[in-house]
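Small disclaimer: the values here were computed from a predicted structure and weren't measured. Chain identifiers are assigned alphabetically (A, B, ...) following the order of the sequence lines, protein sequences preceding nucleic acid strands; residue numbering begins at 1 within each chain. Excluded from the calculations below are hydrogen atoms, water molecules and symmetry mates; all remaining heavy atoms, backbone and side chain alike, are included.
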Protein chains: 2
Amino acid sequence: MDRMQLQNSFQAYFNELGYDIDWQRLTVPMDIHVIRKGDYLFQQGDFANRLFFLHSGLVRYVSVSDEGKEFTQTFAKSPRIIGSTKAMVTEARVLFGIQALEDCMVSSYPWRAFYEQMRQDIGFLECYAKFLERIFITKEERENAFVKHSAERRYLDFCADYPELKNVIPQQQIASYIGITPVALSRIRQKLKWHRD
Amino acid sequence: MDRMQLQNSFQAYFNELGYDIDWQRLTVPMDIHVIRKGDYLFQQGDFANRLFFLHSGLVRYVSVSDEGKEFTQTFAKSPRIIGSTKAMVTEARVLFGIQALEDCMVSSYPWRAFYEQMRQDIGFLECYAKFLERIFITKEERENAFVKHSAERRYLDFCADYPELKNVIPQQQIASYIGITPVALSRIRQKLKWHRD
DNA sequence: AAGCCTCCTTAACCTATGTTAATTCCTTAT
DNA sequence: ATAAGGAATTAACATAGGTTAAGGAGGCTT
């Protein structure tokens, strides 16, 4: 798999954001990572000052609390930029790990070099801004959901937002995404089933 | 108050973000708003396709749920860009109102024109990206807090994060910011007071 | 000073979710 | 086919936070 092939998924992603950019102009050195289902791209607590691009596959961002409880921040499917914006920007340790839920193909770029190159090219920078706008809006919607909606509503929203994931990923992970325990999710599902009959 | 004076608060804000930009190059038409304590810059449900800059004062973002419960998304103090990124970017209605907690001085710019001008000048665009990075990180930390921490911990974090607000704004608003009722916050405060003795 | 308003506290009760543990179901390996 | 391990369900109990309502403590206004 070479740069040319990878470029297609970049193109697909940024077209969706409304941009048509020649990614061959991006000359920073690139690594390729193949991650097997269940394995981690990086772990919580690592320094991850690289930008990753998910070319194929599905991942989740997993964060573990002080008490050892797992919590899924995000499900991300290709094509998409992945990684920790915070860790890149502030050079802090990452607060979550990225785990492959399917076999994945990922390319990565040193953040500093990538950023410097973006500054030379307003088109790249605009794409980066679009990306930031998008992930911000997603987080804002999530904040809204946690404060305004019940767990039941959050589950129904999850099913509506990710119909293709609903029956693929384990319920524990869905529960940890909507912020409840697997037991509580099971109760909610049972209640919903009852109402459906 | 003219453009020159306003520029100082822009400068202060973007210096803090690590940029030194000549905001006099920003020529899009500007409005000035003076908002009295308690009044709203805009209301939830409005179209707010303008970018606002808070030159002086303190505001909160207030969102009301379907059941009529108030929820404070953000406290923002000058100097700072304020407004709804989502409403600007997606041309949707705003999901929160902005209420002045002190008398405020705000300037505003039509978003489209502002954005077009940013695209002519990579320095502006970089500032915008920095701004987006920052608000994203804030939201991510908030998501973390809601899922991993108890209300008590969120209250203590609030006190640490906003020591200057803690004794200034009504507790109802603090409660609505950490996602609980005023009654629950009062309970928590009492428990903390007990432990302190 | 009296009255009024808003905020905060406290109490009693209710509900959703957490916790623990036992049971069943499904998948995979032998 | 059977055994073993992980995932989901269910039940019983514990707890944090919501709801309602009543009382008290400042601030304003008159």
**Prompt:** Quick one: does A/Q73's side chain have a donor or acceptor within less than 3.5 Å of a partner on A/S63's backbone?
**Reply:** no

**Request:** Can you see which heavy atom on B/V94 is nearest to which on B/F47, and at what distance?
**Result:** CG2-C, 4.5 Å

**Message:** Could you walk me through whether B/K86 and A/E140 satisfy the salt bridge (charged side-chain N to carboxylate O under 4.0 Å, His left out) test, starting with their C-alpha distance in whole Å, then the side-chain angles of each, then the deciding distance to 0.1 Å, before giving a yes or no?
**Reply:** CA-CA 9 Å; B/K86 181 177 179 179; A/E140 194 174 48; over 6 Å; no

**Prompt:** What is the distance, rounded to the nearest whole Å, between atom CD of B/Q190 and atom P of C/dC7?
**Reply:** 21 Å

**Message:** So if I define the base as every atom that isn't primed, P, OP1 or OP2, how would nucleotides 12-27 of chain C read as a B/S/- string at a heavy-atom cutoff under 4.0 Å?
**Reply:** B----BBBB-------

**Sorted by number, the residues of residues 155-174 of chain A with heavy-atom contact under 4.0 Å to DNA chain C** = none

**Complete:** When every non-hydrogen atom of B/H33 is compared with those of B/S107, the smallest separation belongs to CD2-C, 4.3 Å

**Prompt:** Quick one: do A/D103 and A/K37 make a salt bridge, cutoff under 4.0 Å?
**Reply:** no

**Item:** Start and end of chain B contact along DNA chain D [non-hydrogen atoms, under 4.0 Å]
**Value:** D/dG17 to D/dT20

**Request:** Using a 4.5 Å cut-off on heavy atoms from C-beta on, say whether the side chain of A/L41 contacts that of A/V59.
**Result:** no

**Prompt:** Do A/Y128 and A/W111 have ring centres separated by under 6.0 Å?
**Reply:** yes

**Item:** For the student: nearest non-hydrogen atoms of A/S78 and A/S56, plus distance
**Value:** OG-CA, 3.2 Å

**Asked** If only atom types and distance count, is the side chain of B/Q99 paired as donor or acceptor with the main-chain N or O of B/Y40 below 3.5 Å?
**Response** no

**Request:** Show the numbers, then the answer: is there a salt bridge (charged side-chain N to carboxylate O under 4.0 Å, His left out) between A/R112 and A/E91?
**Result:** CA-CA 10 Å; A/R112 286 273 149 238; A/E91 297 179 335; 3.6 Å; yes

